[in-house]
Amino acid sequence: MVSNKIRLGVNIDHVATVRNARGGFHPDPVRAALLAEKAGADGITAHLREDRRHIRDEDMERLMKEIKTPLNFEMAATDEMLDIVTRLKPASSCLVPEKREELTTEGGLDVVGNFDHLAVYIPKLKEAGISVSLFIDADVDQIRASKQLGANKVELHTGAYCDATGKDRFIELGRLRAGAKYCGDINLEVHAGHGLNYETVRDVAAIPEFTEFNIGHFLIGEAIFVGLECSIARMRELMDEGRGI
Ligand code: PXP
């Protein structure tokens with residue numbers, strides 16, 4: 001039986017942001033990942049940026065060795081990242097924009113504009129046994145291009161929805177709903193992420209096509225006040241509530 005429950009991927013990048021503010025080893029993002037798993041995370045997400053502003057190469061090495069749930073390795077489509085990820089072989093990689101020209105207007109990866117570039121990287125990732133996700137806006141052309149490129153899944157950018165207020169938020173939610181439905185229609189697995197918090201998560205969780213959320217900044221920030229296990233447990237509850245579980 002297929003579970004209706006949405007998987008929760010916990011992004012631990014900003015534990016590394018705090019660590020790097022002082023140098024040294026504390027707080028350790030791998031320790032946070034292990035705690036997140038204990039609190040019910042279904043996977044761990046980390047983004048190795050080209051400038052290494054938070055997660056570092058050795059964090060990714062340790063995550064691969066120490067966590068029990070699948071690692072979702074966020075990365076730009078570059079040769080350097082391809083070398084690292086095909087050596088580490090995490091369960092999945094999510095290709096994200098890092099440079100301005102890789103962005104569409106609202107912030108996702110411009111798959112249409114970078115079609116030929118991505119066509120080089122996606123097959124190499126898949127050949128290494130890594131499932132490929134593309135982080136895109138809820139736009140039919142971007143979704144269609146992702147499917148044409150053979151991506152295993154897409155992650156719809158929820159930032160515009162989370163930033164919007166009043167009737168604009170309603171409009172953005174409609175875009176996410178339509179985008180997710182289109183993914184369902186063309187048989188493309190669909191995830192969501194960016195900016196989700198206690199206030200915004202429920203309505204997105206109610207969209208039936210979404211199978212996974214990746215959430216970081218809010219969970220790590222809220223952990224300062226209530227602890228990571230509590231912030232994750234509350235998010236889990238709200239996701240289940242939105243799904244009507
Ligand atoms: N999904 C992707 C592809 C991301 O790059 C990020 C981090 O920006 C997230 C999800 C998590 O976003 P947030 O930290 O705002 O929860």
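Everything numeric in this text was worked out from a predicted model, so none of it was measured. Numbering starts at 1 and runs along the sequence shown. In each ligand, atom 1 is the first atom listed, and ligand 1 is the first ligand listed. Any value given below was found using the heavy atoms of this structure, including those in side chains, with hydrogens, waters and symmetry copies removed.
- Between Gly216 and ligand 1, at least one pair of N/O atoms sits closer than 3.5 Å.
- Among all non-hydrogen protein atoms, the one lying nearest atom 7 (C) of ligand 1 is Asn11 ND2, 3.8 Å.
- Counted by atom type alone, Arg52 and Asn20 present zero donor-acceptor pairs between their side chains at under 3.5 Å.
- Near Asn214, with a cut-off below 4.0 Å to any heavy atom, the atoms of ligand 1 are 10 (C), 11 (C).
- Here Glu172 pairs with Arg175 in a salt bridge; the nearest charged N to carboxylate O distance falls below 4.0 Å.
- Without hydrogens or angle criteria, Ser131 side chain to Ser92 main chain gives no donor-acceptor distance under 3.5 Å.
- For atom 14 (O) of ligand 1, the nearest non-hydrogen atom of the protein is His217 N, 2.8 Å.
- The closest side-chain donor-acceptor pair between Glu37 and Thr69 falls under 3.5 angstrom.
- Ring-plane geometry between Phe213 and Phe210 is classed as perpendicular, the angle between the planes exceeding 60 degrees on a 0 to 90 degree scale with a lower cut at 30.
- At a 3.5 angstrom cut-off on N or O pairs, Asp13 does not count as close to ligand 1.
- Using 4.0 Å as the threshold, Glu155 has a heavy atom nearer than that to some atom of ligand 1.
- Within the 4.5 Å cutoff, no side-chain heavy atoms of Phe218 are placed close to those of Thr200.
- Asn72 and Thr45 share a side-chain donor-acceptor pair at under 3.5 Å.
- Atom-to-atom distance recorded for Met75:CE and Leu95:CG is 5.5 Å, nearest 0.5 angstrom.
- Atoms of ligand 1 lying under 4.0 Å from at least one heavy atom of Gly195, given by number and element, are 12 (O), 13 (P), 15 (O), 16 (O).
- Heavy-atom proximity to Val96, at under 4.0 Å, picks out these atoms of ligand 1: 3 (C).
- For atom 12 (O) of ligand 1, the nearest protein heavy atom (residue, atom name, distance) is His194 CA, 3.3 Å.
- Of all the heavy atoms of His47, none lies under 4.0 Å from any atom of ligand 1, so neither backbone nor side chain is involved.
- Residue His14 places no N or O, backbone or side chain, under 3.5 Å from any N or O of ligand 1.
- Ranking the protein heavy atoms by distance from atom 5 (O) of ligand 1 puts Glu74 OE1, 2.9 Å first.
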